[in-house]
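Written below as structure tokens is the structure these notes are about.
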Amino acid sequence: MRKNIHQAARPTRVRGALLSCGVTALAVLAALSAPAAATTGQVPAMEMERARAGCPSGHVCIYPDATPNGDPDTYFRYGAHNLRNVFGDRLVVNNQTGGAGVRLCAAYGGQNCGARLGPGGYVVNLSPVNSILLEP
């Protein structure tokens, strides 16, 4: 019985300690949700500019990890391109001109493709992706 009383009082103590430090529930919620927002596939503006600068105009670049570090694999011809030994979270930059798009495909040869990705940078898990399809 005594154990249950202490467990029930614990949230009140934590809340009291946070309030005494001037921390509100909204600030705690914002701090806890920040890592979740970082995993949605959005690339910070400065990193995106660096990635686009490293990816030649008219190309689609796949970086070695989720950052613009390292030498990317580049693709510039329209059509399907098979991927080999590409897995995990990667930064994919569509730096094609004229609004051209790229699709990530589950099968080789540009088959079973997902939604079209317009110009920009995306952090994508490429483990289930076997090919990309560049289209005008």
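A quick note: this is a predicted structure, and the numbers were derived from the prediction, not measured.
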### Summary
Looking only at heavy atoms, the pair that brings Ser131 and Gly110 closest together is OG-N, 3.1 Å
### Task
Would you mind reporting whether Leu134 and Tyr75 have side-chain heavy atoms less than 4.5 Å apart?
yes
### Task
Could you pull out the closest heavy-atom pair between Gly99 and Pro119, with the gap in Å?
CA-CG, 4.2 Å
### Message
Using side-chain heavy atoms (C-beta onward) and a distance below 4.5 Å, is Cys105 in contact with Gln111?
### Response
no
### Message
According to side chain to side chain donor-acceptor pair (under 3.5 Å), does anything in residues 82-94 pair up with another residue at least two apart or in another chain? List the pairs.
### Response
Asn94-Gln96
### Query
What do the steps show when you test Leu126 against Val92 for side chain to side chain contact (heavy atoms under 4.5 Å, CB included), and what is the final call?
CA-CA 9 Å; Leu126 293 182; Val92 177; 4.2 Å; yes
### Task
Look at atom OH of Tyr78 and say whether more than 12 heavy atoms of other residues, nucleotides or ligands are closer to it than 6.0 Å.
yes
### Message
Within the structure provided, determine whether Pro68 and Cys61 are in side-chain contact (heavy-atom separation under 4.5 Å).
### Response
no
### Glu135: side chain to side chain donor-acceptor pair (under 3.5 Å) partners, not counting sequence neighbours
Arg103, Arg116
### Message
Could you see if Val86 belongs to whatever hydrophobic cluster contains Leu133? Use Ile, Leu, Val, Met, Phe, Trp, Tyr and a side-chain cutoff under 4.5 Å.
### Response
no
### Query
Quick one: are Leu117 and Tyr122 in side-chain contact, heavy atoms under 4.5 Å?
yes
## Note on the structure
Closest non-hydrogen atoms of Tyr63 and Gly54, given as atom of the first, atom of the second and distance, are OH-C, 3.6 Å
#### Entry: Residue list, side chain to side chain donor-acceptor pair (under 3.5 Å) with Thr67, at least two apart or on another chain
Asp65, Asn69
### Message
Once rounded to the nearest 0.5 Å, what's the spacing between atom CG of Leu104 and atom CG of Leu83?
### Response
8.5 Å
### Summary
Value for CG (Asn130) from CG (Asn112), rounded to nearest 0.5 Å, stands at 10.0 Å
### Message
Treating Thr74 as the side-chain partner and His59 as the backbone partner, does any N or O pair qualify as donor plus acceptor under 3.5 Å?
### Response
no
### Query
Do side-chain atoms of Asn95 reach the backbone of Cys55 as a donor and acceptor pair under 3.5 angstrom?
yes
### Query
Does the Ser127 side chain pair with the main chain of Gly88, one donor and one acceptor, at a distance under 3.5 Å?
yes
